[in-house]
Amino acid sequence: MSERSGQRDPKAAGGVLRPVACASLLALAAPAAWAQSGAVGGPGAQGLPVPPLSAQASPAVSARSAASAARQPMALSFAQAAALQREGSPLLAGRDEAVRAGEAGARAVRHVGGPIVSLSANWLRYQKSLSVDLASARGDVQNRIDEFLGTLPGQFPPALQPVVGEAGALVSGALPGLLGALPDQLNYTARQSVFRPSLTAVWPFYTGGADAAVRKGAEAQVALAQAARSGAASLSQLDLARAYFGQQAALQLLATNEAQLAALQAHAHNAERMVAAGVLPRSRLLEVGVARDAAQRGVDRARLQLTNAQDDLSRLLDVPGSVAPTTPLFVRAEPLPPLELFLESGAAQRPEVRAAEAARVGASAARDLAAASLKPNAFLYGTYNFNRRHAVPIDPDWMVGIGVQFTLVSNIDRRDMLQAAESRERAADRAKQAAERDARQQITRAWNQTELARQTFLSLDSSLVAARENLRVQQLSFREGVGTATDVITAQSALSLAEAQRVAAALEYDLSLAALLAASSRDDEFTQHMAQAEYRLAPASAGSLP
């Protein structure tokens, strides 16, 4: 069954490649005896063309029948398939949107802590009622006048004092009548419609570090989204390598099974002639027939496996019909660069490590924010009224000020919140250390596995030479009547098994290399390794397609 991009545990990418490659290939080959196919290329192979690694091909569609139109296989190199996967992957598109969302969020809070200026306009209708007590004021006025009139004669010469006193008495007698016209209480009601446009500015110039914590948290979200996107891209390339080169291996195995069947059919024909000539017992012919039937079942099984591999790749790329890979299985003869180079880049740039670092930065920002709640806030503020004529009497024309706010009692225990944030920060730091350790372990395992596959592939050259020579000798002995049919079948099986093991080693090398580059964040170097490969296993011919 196929594994979709992003749905597989990245830790398993390196550890399962070897058993998967060997088991899938040898399961196809086990029931049948193998024959020489000539599907293996590279130095030491005889008469085998090596196609260009990055062959360019365009998809073609043709109608095969009037009843139903079947699409021809779409010829794609690995680079073309990777580009097609990137363009059509919903997972990668979603990760891209998450990155854009994080970047927009970081831009949105980059000025947190700066001034906030707002313009407001209000229209209101209001009524104001006033009530003024005049009774007490009236008594106070009369008392003051009486007191003044009583002291007034003493301010004049003695000759005039009687006249001034009489005038004062007259005025004092008239005051109750004059002041009595005033009401005891004055009531006033005002109604007015007011339009108030105003400008308000607030600048929180000290927040205890809360503004910096918000910005740092937003940047951590961007880094986390970018790490998730990088991890999804790496897993997508791993899935593509598994499906793409898995189909190439299935093609190689089908060609090997077909060649084995053809060889056994020719061997059976020769055996029939020898039985007819009386130089071979019939039991040997039956033995050859059993081997030929087993080879036919192997071909049928290989065709089914190829169909499954084609379906896996086409579904992964989301294309109609099947895909014809043009990039062959490859192996480099040169050893890999030193392990330390991969560890150096992978320990810091591996998506899991970057995600853990982003989580640690986010936890640190949360701790800073919790610490800021224990500190005071200071801010400047001001307002300006643009329509003073319609201002409410208690409204100022303009106002500026400075304020300080400090929370004395809160319904949340801020110290416990700070302690929780510090614990989360320490947990994130431990998670980063674990991610770095796991990255080194995965890189080391993938490097060792890739090197082992390379050495296994190269060591099979001598085995292939010996197997071919053994088959030639056994076929010659059989024709001369010295050897037996069993010896020929055994020699064919040995040769075909060596060829299958070589295909398995090449597939293991390619998948292990892809896992190594993904684990060390060097995915873009995969095409470089393909271009520099000295060994390339030629794809099977189009006639081998089911």
Side-chain angles (χ1 to χ4, degrees), residues 13-30 34-51 53 78 238 241-242 244-257 259 309 325 327-339 342 444-470 493-517 525-540:
V16 301
L17 292 178
R18 180 184 179 90
V20 167
C22 294
S24 60
L25 286 169
L26 297 182
L28 296 176
W34 297 86
Q36 181 180 5
S37 66
V40 183
Q46 300 296 326
L48 295 177
V50 178
L53 187 61
F78 184 84
L238 280 176
R242 176 192 53 78
Y244 189 93
F245 293 111
Q247 181 172 330
Q248 286 286 43
L251 284 168
Q252 298 281 0
L253 289 177
L254 177 59
T256 300
N257 278 272
T327 300
L329 294 166
F330 66 93
V331 177
R332 292 193 64 182
E334 294 294 327
L336 289 171
L339 174 61
F342 296 95
T444 302
R445 183 185 296 119
W447 190 91
N448 291 334
Q449 189 169 309
T450 306
E451 271 298 290
L452 177 60
R454 183 188 67 86
Q455 295 171 7
T456 301
F457 181 88
L458 296 179
S459 68
L460 286 170
D461 278 343
S462 59
S463 299
L464 285 173
V465 172
R468 292 190 184 105
E469 179 61 21
N470 181 49
S493 299
L495 175 60
S496 298
L497 181 59
E499 291 176 342
Q501 289 174 341
R502 202 165 189 253
V503 173
L507 178 61
E508 182 183 359
Y509 176 86
D510 294 342
L511 300 188
S512 299
L513 177 62
L516 172 63
L517 296 178
E525 297 180 9
F526 191 69
T527 54
Q528 178 182 350
H529 283 271
M530 284 193 297
Q532 296 175 350
E534 295 86 355
Y535 292 85
R536 303 179 188 179
L537 275 64

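Note that the numbering runs from 1 along the sequence shown for the chain.
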Is there a donor-acceptor pair closer than 3.5 Å between any side-chain N or O of Gln449 and the backbone N or O of Ser512? no

Backbone N or O of Pro335 within a donor-acceptor pair of the Glu451 side chain at under 3.5 Å?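 No, Glu451 side chain to Pro335 backbone: no donor-acceptor pair under 3.5 Å.
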
If you take all heavy atoms of [X] and [Y], which pair is closest and at what distance?
X: Pro328; Y: Arg536; answer: CG-CB, 3.9 Å
X: Leu329; Y: Ala506; answer: CB-CB, 4.1 Å
X: Ala533; Y: Val331; answer: CB-O, 3.8 Å
X: Thr327; Y: Gln248; answer: O-NE2, 2.7 Å
X: Met530; Y: Phe330; answer: CG-CE2, 3.0 Å
X: Ala241; Y: Ala514; answer: CB-CB, 4.1 Å

Taking the side chain as everything from C-beta on, heavy atoms only, tell me whether [X] gets closer than 4.5 Å to [Y].
X: Pro337; Y: Phe342; value: yes
X: Asn470; Y: Leu495; value: no
X: Glu334; Y: Glu534; value: yes
X: Val503; Y: Thr256; value: no
X: Leu513; Y: Arg332; value: no
X: Tyr244; Y: Asp510; value: no

Looking at Tyr509 versus Phe457, is the centre-to-centre ring distance below 6.0 Å?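 Not close enough - the centres of the two rings lie 6.0 Å or further apart.
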
Please report the C-alpha distance between Thr456 and Glu508 in whole Å, then the side-chain angles of each, then the deciding distance to 0.1 Å, and finally whether the side chain to side chain contact (heavy atoms under 4.5 Å, CB included) criterion is met. CA-CA 10 Å; Thr456 301; Glu508 182 183 359; 5.9 Å; no

Between the CG atom in Leu464 and the CG atom in Leu497, the distance rounded to the nearest 0.5 Å is 10.0 Å

Give me the ring orientation class for Phe78 and Phe245: parallel if the planes are under 30° apart, tilted from 30 to 60°, perpendicular past 60°.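 Geometry flag for Phe245 against Phe78: parallel rings.
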
Any salt bridge between Arg502 and Glu499, counting N to O under 4.0 Å?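 Answer for the salt bridge query: no.
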
